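Beneath this line is the structure, given in structure tokens, with notes to follow.
As the structure is a prediction and not an experimental result, all values here were calculated from the model. We name chains A, B, ... by the order of the sequence lines, and we start the count at 1 in each one.
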Amino acid sequence: MPGDSKEFPLCRQLMKGPSPSHVRELSDSRYPLAMYEEGLATGETAYGHGGYISIPELPSGVAVRNSCRPEIIEESAYLRILPPAGGWLSAGTLEKLATCAETYGKGLIHLTSGGTIEIYTTREQMVPMVRELNTAGLDIGSTGNDLRCLTACCGPARCDMALINAPALATYLGQRFIDEQQYPGYPQKVKSGVAGCPNDCIRAMMQKDHSFIGVYRDLPQINNEVLAAWQQAGGDLAGLIAACPAGALNWTGSTLTVAPDRCWHCMACINFCPAIRPGRERGVAWVAGGKYGHRGPQGPMVGYVLVPFIPIKDDDYTAIGDLFGAFLELWADNARKKERVGDFIVRVGPLWVLKELGLKVEPQILLSPKRNGF
Amino acid sequence: MPGDSKEFPLCRQLMKGPSPSHVRELSDSRYPLAMYEEGLATGETAYGHGGYISIPELPSGVAVRNSCRPEIIEESAYLRILPPAGGWLSAGTLEKLATCAETYGKGLIHLTSGGTIEIYTTREQMVPMVRELNTAGLDIGSTGNDLRCLTACCGPARCDMALINAPALATYLGQRFIDEQQYPGYPQKVKSGVAGCPNDCIRAMMQKDHSFIGVYRDLPQINNEVLAAWQQAGGDLAGLIAACPAGALNWTGSTLTVAPDRCWHCMACINFCPAIRPGRERGVAWVAGGKYGHRGPQGPMVGYVLVPFIPIKDDDYTAIGDLFGAFLELWADNARKKERVGDFIVRVGPLWVLKELGLKVEPQILLSPKRNGF
Amino acid sequence: MDAPDLPAGIMPDYRREIPAELLARQGSWVWHELVQPGVIRHLAADGSELLTVRILLPPNGLLSASTLRDLARWVREYALTGRRTSRQGFEFVGVRPAKLEKFLAELQAAGFPAGGTGNSLHQVKCCTSFIHCQNAAVDAPSIAQAITDYFYQDFLQQELPAPLKISIGGCPNQCGGGVEADIGILGLYDAVPEVDEARFLAANIDIGLLVSWCPTGAIRPRQTEKGTLVTIDVDRCVRCTSCVQVAPEGISLKKKSYVAIAAGGHGGNSCKGPEMAAIVFPRVPARPLDYSAIIDRIEVIINYWRRAGKPGERLAGFIERTGWSDFLATIGAGPLEELVDKRVPQTSIRRDLHFRY
Amino acid sequence: MDAPDLPAGIMPDYRREIPAELLARQGSWVWHELVQPGVIRHLAADGSELLTVRILLPPNGLLSASTLRDLARWVREYALTGRRTSRQGFEFVGVRPAKLEKFLAELQAAGFPAGGTGNSLHQVKCCTSFIHCQNAAVDAPSIAQAITDYFYQDFLQQELPAPLKISIGGCPNQCGGGVEADIGILGLYDAVPEVDEARFLAANIDIGLLVSWCPTGAIRPRQTEKGTLVTIDVDRCVRCTSCVQVAPEGISLKKKSYVAIAAGGHGGNSCKGPEMAAIVFPRVPARPLDYSAIIDRIEVIINYWRRAGKPGERLAGFIERTGWSDFLATIGAGPLEELVDKRVPQTSIRRDLHFRY
């Protein structure tokens, strides 16, 4: 930031608080701070409509924001990088990103809310930057009407709740559908996610057009020895029993059991107590239609469950990939222009989607049967 | 029924079971049983489109069903009688109806599912029959696009749960809006009901376009002496506490209390235990939009609560009548042709109705605030 | 709404139907209990009592004048007054305790037994159908008769987990209330209405009303050289027959019909709040008088609830506790594909992972 | 999707980001516990441990190359690897227990303190807004900064009833996820978009898309002599700005803006199932950098929940237990008229009598 203390007064103000400041990061880079100051001062963004651009030799993942203040910056081009699943970033990758951003960009990295990584740059620097990213095992994509923001939770490398290997499944899908991530050919963007268990820490059911969530089909496994130790150490048994939203936990006085007909296979007891572990019969539920945005007839919506349980055995994701691809094709063939998956499913009906894909309605996906004779 | 045992075989079959038979009633009257036999035999009704007819000197409540089998009966005319509220029928009224049905009709009385009373007759007999009904304090109406099926539950003359005098309120409304019951001037029929408490035994919230339901605003009254006696007589205290859907009942070991912040003012505990009586601060909730029929954009629907509590003091129903009339006028002025109240309210929004009537949104009517930024 | 040349209308005064001694007791009742099937005792704080006897009427509240006179006679002899119930049954209110046994015997002998209270099968409510209505797809009264005959013992005793109300509506108008009962039967049409172009054009049909009344937007106007016609989208049509009601002159229906059976409707506000019944058997034949397919399915539902329901647990609460997936599987409901909402909002499909197996 | 002349794309392999010793332990973790704010200990069945340190990043995940190098250096010196969280925070995974204290002190000194775990304020998630986006109605990062500064202690300690997640989306696209957090902030436009007829006609605008994208049917095509124009129904328009996104050439917007504050969003499936947050303050000024009106309201919400929430009770569960009517009244929400759904289905209005006063 320039030395003159009268410059960028609003930006300066954002560096005064105790918490980490984005303005400090911006000013430590070659980001044009005057653009941000302008936005803050006028109460309107200084960027104008931009879009995805075509750069020879590059797939999607290259875009530009127009500028309403060309005297500050003509335009702001940026690359969008496909992120390693699960958010994992080794020291080497962090350094490689830093180097790319410094060498070819504005020295700034953006970990977006959608899960991708962006580097602000110029059109000219894009091809060399992508070449360098490629050598580091990274690539660009995820802009325009393509398969976007394919993300996962951290997975079993760190999490004790992971029912499936979410980063592995996301990586499998990402590789199999790499063209769909890089070459926009869909009616609209389609965000996808893989969550390792029904806790859905990444909120895939709400944010993603198309997601798989790890689930179990048998019952939570109770280890009564561990339970006794947990109680001795102050574990709150009454609180545990009350935590079950389905009222499925029963305490006989000496052992804890799960009522098979009541358990709805969530994570409440498992989250609460180390003596309870998830069931062993595992797979994914398939959910489609989530979105945060207020576009389209439905606006923001939570996705619909289309299949409650698809088994996963021996880390074979082929069947899930087949379904993932078949659905995207069905949507692409039948959606209206710019129709998000959620709006599409509401319009054609979840039933139609299942029928077209040759799938049956499993009773578990019914909240209740319809309450009319139509 | 004619003596020939080969006639009306299907009708005959319906008289063979142990339970009371409608065919026995039909055959004890001058109802043309061949019409019913025809319907049963073909699997299709033998009646055709009919409608409400105009008889000089009579208001609505006179109608006709056409016949698809004119050789059996040319047409079937009928009167619809406004029922005494609460379903109350004295011996004298029963006899008067019997006499009217025999003298002027086919000797058959129909207690309809909508709560009215019908007598099948001919066009010619209508005027004299209505004159005789009038002398008995009865009148016709409730056909066509008018105020229909204004009914109530039995009320405090028999029921221990009645929070308000539902038959009295229904009778007040029926008298004040007698023209609206007799002279169709609305866009569509509008069924109305008054239920004495949230048990809503008459299902007004579901069946009626427009209803008032007795509610209380303070807390259920617990008599701990009666409670002790009830427990001694085998009353199930744990069952009582579990019966509260809001988890608002607390047992201290010696007394039972209601948590004021949890109680949602239903009848669960009051229904369960004689030691708990409804609160004393009483009034009605106003509900609009219920319907069973699969017509209109919404099909069958439960009504919306528009006002949670309108106090009733000293049996003064004027304010409720004012609201009842104001709403009907608003609907009549703004509804589309043949638009039921439920479809109307969904189209214009409950908020618009409240605003036009100069009413505020009370927080109790919100299930939750809207879950989008629209 | 001026009708100056007509006499002022009369709203009947319910108080005239109730003797003064009972009117005077309005609001004094503080509790009620079931004495035996069909007999309810209301209690006042001062310990006084009021007996009610509820009887089964024939389906659809159809009563000959002579039956009506019987009811009147019984009222005069045994009770203070009477009332029709909202389910088309009948109650004698203020029955003299000393005469109760005699009265019940007389009712039984006359074929109008007392019952339908508490944990019993209550009066089956239904619409008029083939007896006196042009809209009926199926004949609700004869279905009601068949059901009541078959489950007659459940009307006479109180051995079910909780009250059981069955309602039958013969067509999509659902005057009989099949949409809201513990078990509901809905008469439905099989065929999509058809437009008779010549008759349609000849009649003066309100096309705006026709289009706006269609709940699914299946009817669209179509300009032709001869005038405005409509087309009916077969995929969108839900066979509600609204269009036939608006334009019987130009739109007709092949009357092939069936019923859907629904379960778990509930009113009142002491549990989840009022909810319509949910369709569990979407397509059951209902050719008069062969109702075995309907009765079989109702029996499956009742038997499961009777076997696994807790005391006091209505069918809706039972399903809520055990879950729809179990209920649907146990009763053999379906096909499941036909239980899913066809219209927006598609509230029948889950948006959480609360699965029961 | 053939692009024969381009090299095959690369989906990064997440396993390259995780050292072999940690990959080998995949699936071995059976429990986790919070050691102190910002420090999580995962436990394996064999008793071995894995430490994670979570730090606060600047709003919106914007990091200079030098900060990125700091992160890399810390990974190399103190941990096995790192990861960005889905809330734009950062975690060091596999922190060496012996070096934990030193590491935490170094992070603190560098201005990236550990925290945001368990019953604390977690990283405030937000979109890019005025920093690099054309759609923003308000500037989410500076709002996030103001909130984080103000509630900084709640990030550093775990004294709230349960975790608290705040998200901010600067425009109706809601990339920041304001619609789903415990407390969400949604940037909204005040003005209804306006059609510039001359520019609209001059541009080649896809009218079908324009009409179909409008969530409320507020845009209708209108034939004029000059060509097809559109009109925007002011009463129906919900200011989602979809039309401006489809046709920026012909439809423009006065950029007066504000925020709505929502509460009680929740994901996961261990309670009611995922639900978006509900609007409680529909219109709060958000002029940069005067965010006191936002912070005041958030503080009212947090203080009430802090005072009356039970241990472990997320904001949504707290509201569920105490009821919306109480919550709205206590925090002074409203005006209530603006909290009601404007669109079908109007799920915000009750259809039962479950009233709390």
Counting only N and O atoms by type, is there a donor-acceptor contact under 3.5 Å from the side chain of [X] to the main-chain atoms of [Y]?
| X | Y | answer |
| --- | --- | --- |
| A/Arg336 | D/Trp213 | no |
| D/Arg84 | A/Trp88 | no |
| A/Gln175 | D/Met11 | yes |
| D/Gln174 | A/Tyr292 | no |
| D/Glu17 | A/Ser90 | yes |
| A/Arg65 | D/His132 | yes |
| A/Arg158 | D/Thr52 | no |

Where does [X] contact chain D at under 4.5 Å (heavy atoms): side chain, backbone, both or neither?
| X | answer |
| --- | --- |
| A/Leu26 | side chain |
| A/Leu111 | both |
| A/Tyr78 | side chain |
| A/Lys106 | neither |
| A/Arg295 | both |
| A/Ala195 | neither |
| A/Met205 | side chain |
| A/Asn271 | both |
| A/Ala41 | backbone |
| A/Gln298 | backbone |
| A/Ser67 | neither |
| A/Cys201 | backbone |
| A/Gln188 | side chain |
| A/Met161 | side chain |

Can you tell me which residue among D/Tyr150, D/Phe155, D/Tyr152 is in a side chain to side chain contact (heavy atoms under 4.5 Å, CB included) with A/Ser19?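 The option that passes is D/Tyr152.
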Let me see the working for A/Tyr120 and D/Leu62 under side-chain contact (heavy atoms from CB on, under 4.5 Å), right down to the final yes or no. CA-CA 11 Å; A/Tyr120 305 162; D/Leu62 290 161; 3.9 Å; yes
Please look at [X] and chain A and tell me whether the side chain, the backbone, both or neither of the residue comes under 4.5 angstrom of a heavy atom of that chain.
| X | result |
| --- | --- |
| D/Asp139 | side chain |
| D/Val244 | both |
| D/Ser167 | neither |
| D/Lys165 | side chain |
| D/Arg343 | side chain |
| D/Pro19 | neither |
| D/Leu23 | neither |
| D/Val93 | side chain |
| D/Cys271 | backbone |
| D/Leu50 | side chain |

Rounded distance [0.5 Å steps], [atom1] in [X] versus [atom2] in [Y]:
| X | Y | atom1 | atom2 | answer |
| --- | --- | --- | --- | --- |
| D/His266 | A/Asp200 | NE2 | CG | 12.5 Å |
| D/Leu71 | A/Leu94 | CG | CG | 6.0 Å |
| D/Gln88 | A/His22 | CD | NE2 | 11.5 Å |
| A/Ile109 | D/Leu68 | CD1 | CG | 4.5 Å |

Which one, [options], leads in non-hydrogen pairs under 4.5 Å with chain A?
| options | value |
| --- | --- |
| D/Pro141, D/Cys127, D/Gly111 | D/Pro141 |
| D/Glu91, D/Gln134, D/Arg25, D/Glu33 | D/Gln134 |
| D/Gly208, D/Ala24, D/Ser86, D/Pro172 | D/Pro172 |
| D/Leu186, D/Ile40, D/Val238, D/Asn269 | D/Asn269 |
| D/Gly177, D/Ala137, D/Ala79 | D/Gly177 |
| D/Thr67, D/Thr81, D/Asn60 | D/Asn60 |

Could you pull out the closest heavy-atom pair between A/Ser113 and D/Cys175, with the gap in Å?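 That would be OG-O, 2.9 Å.
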Give the minimum heavy-atom separation between D/Pro12 and A/Pro84, together with the two atoms involved.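 Residues D/Pro12 and A/Pro84, closest heavy atoms: CG-N, 3.6 Å.
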Check: [X]/[Y] side-chain N/O donor and acceptor closer than 3.5 Å:
| X | Y | result |
| --- | --- | --- |
| D/Asn135 | A/Tyr47 | no |
| A/Glu25 | D/Ser64 | yes |
| A/Asp160 | D/His32 | yes |

Between the side chains of D/Arg76 and A/Glu95, is the shortest nitrogen-to-carboxylate-oxygen separation below 4.0 Å, so that they form an ion pair?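 Salt bridge: yes.
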Got a salt bridge between D/Arg69 and A/Glu102, using NZ or NE/NH1/NH2 to carboxylate O under 4.0 Å?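 Result for this pair is yes, salt bridge flagged.
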Minimum side-chain heavy-atom gap [X]-[Y] below 4.5 Å:
| X | Y | value |
| --- | --- | --- |
| A/Leu40 | D/Leu289 | yes |
| D/Arg239 | A/His294 | no |
| A/Cys266 | D/Ser270 | yes |
| D/Ile131 | A/Tyr31 | yes |
| A/Gln207 | D/Glu180 | no |
| D/Ile10 | A/Asn134 | yes |
| D/Glu275 | A/Val302 | no |
| D/Pro58 | A/Ser21 | no |

Neighbour count >12 (heavy atoms, 6.0 Å) for atom CZ, A/Arg277: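 Yes, CZ of A/Arg277 has more than 12 neighbouring heavy atoms, counting only those of other groups under 6.0 Å.
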